[in-house]
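Each ligand, and each atom within it, is numbered from 1 in the order the structure gives.
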Amino acid sequence: MKIKVLGCSGAEYPGSNSPAFLLDDGILFDAGTLASVLGERQQMKIRTIFVTHAHLDHIRGIPFLADNLVMARKRRRVTVCSIPSVITTIRKHLFNSAVWPDFTVIPHPDDAILKLAKVKEGTAVREGEYRVTPYRVSHTVPSVGFLVEDGKGRRLFYTGDTGPTNGTWEKIGKRKIHCLIIDVSFPNSMEELAIRTGHLTARLLRVELDKMPFSPGRALITHPKPHFRKTIEAEIRKMKIDGMRLLRDGETISV
Ligand SMILES: [Zn+2]
Ligand SMILES: [Zn+2]
């Protein structure tokens, strides 16, 4: 698996992009950053977007992609997949003909640019050569992480936004996770705020790692608040865990 990090920041500034992870050109996990960094040809290759939750910093690339798809000469269609409550929120509050046109009926209800698809927690869907399974995580709104498995048994788990979890890791079980992409948004000194807003600190991540029945081959940190990136980086380094580091916008990782 080749994953391009379009964005992995917990807030937006020049050089800090909201979360979006592009797998093999065609599959996107979250869409906080999209048309501002991908050219037209790359945008047209996206077939499916898996959304962890409906917070704006994870979905706001979708409306602009939909608009670009309508304008493109070739007919491309994109499916947005998530658990029912997330899909309902996106339909009701984003593509509602008030905030943005309803691209689920444009250009025609039978052949629309966007399809919104509901997937069930714990049930795998096939996406090309991959199996993708949503598992519930703990955030302030209904949220899932996605387990991605390729044909060779390589596994990635992307948490999206999460605070201390309750049962997530047990559901994944003892399966080997080669790469974990996990939220650490705040420094240790802001633990109370992290818990209240459904995020982790380095210290809270340590507790999560101890809960996991598996030990991830690598743990890559997403969603740090840019103000605290240096502090979080130092706190992660201090934990001295092999294969753990902060991600950077624009980098490509292989799993
Ligand atoms: Zn969120
Ligand atoms: Zn977020």
Plane angle bin for Trp100 and Phe103 - parallel if under 30°, tilted between 30 and 60°, otherwise perpendicular: tilted
Plane angle bin for Phe228 and Phe186 - parallel if under 30°, tilted between 30 and 60°, otherwise perpendicular: tilted
Lys4 bridged to Asp25 by N-O distance under 4.0 Å: no
Lys/Arg-Asp/Glu bridge criterion (N-O < 4.0 Å) met for Glu233, Lys230: no
Pairs touching residues 17-45 that satisfy ring-ring contact (aromatic ring centres under 6.0 Å, His included), sequence neighbours left out: Phe21-Tyr158, Phe29-Phe50, Phe29-Phe146
Side-chain donor-acceptor contact under 3.5 Å, Asp30 with Thr52: yes
Polar protein atoms (N, O or S) that approach the Zn ion (ligand 1) to under 2.8 Å: His53 NE2, His55 ND1, His139 NE2, Asp161 OD2
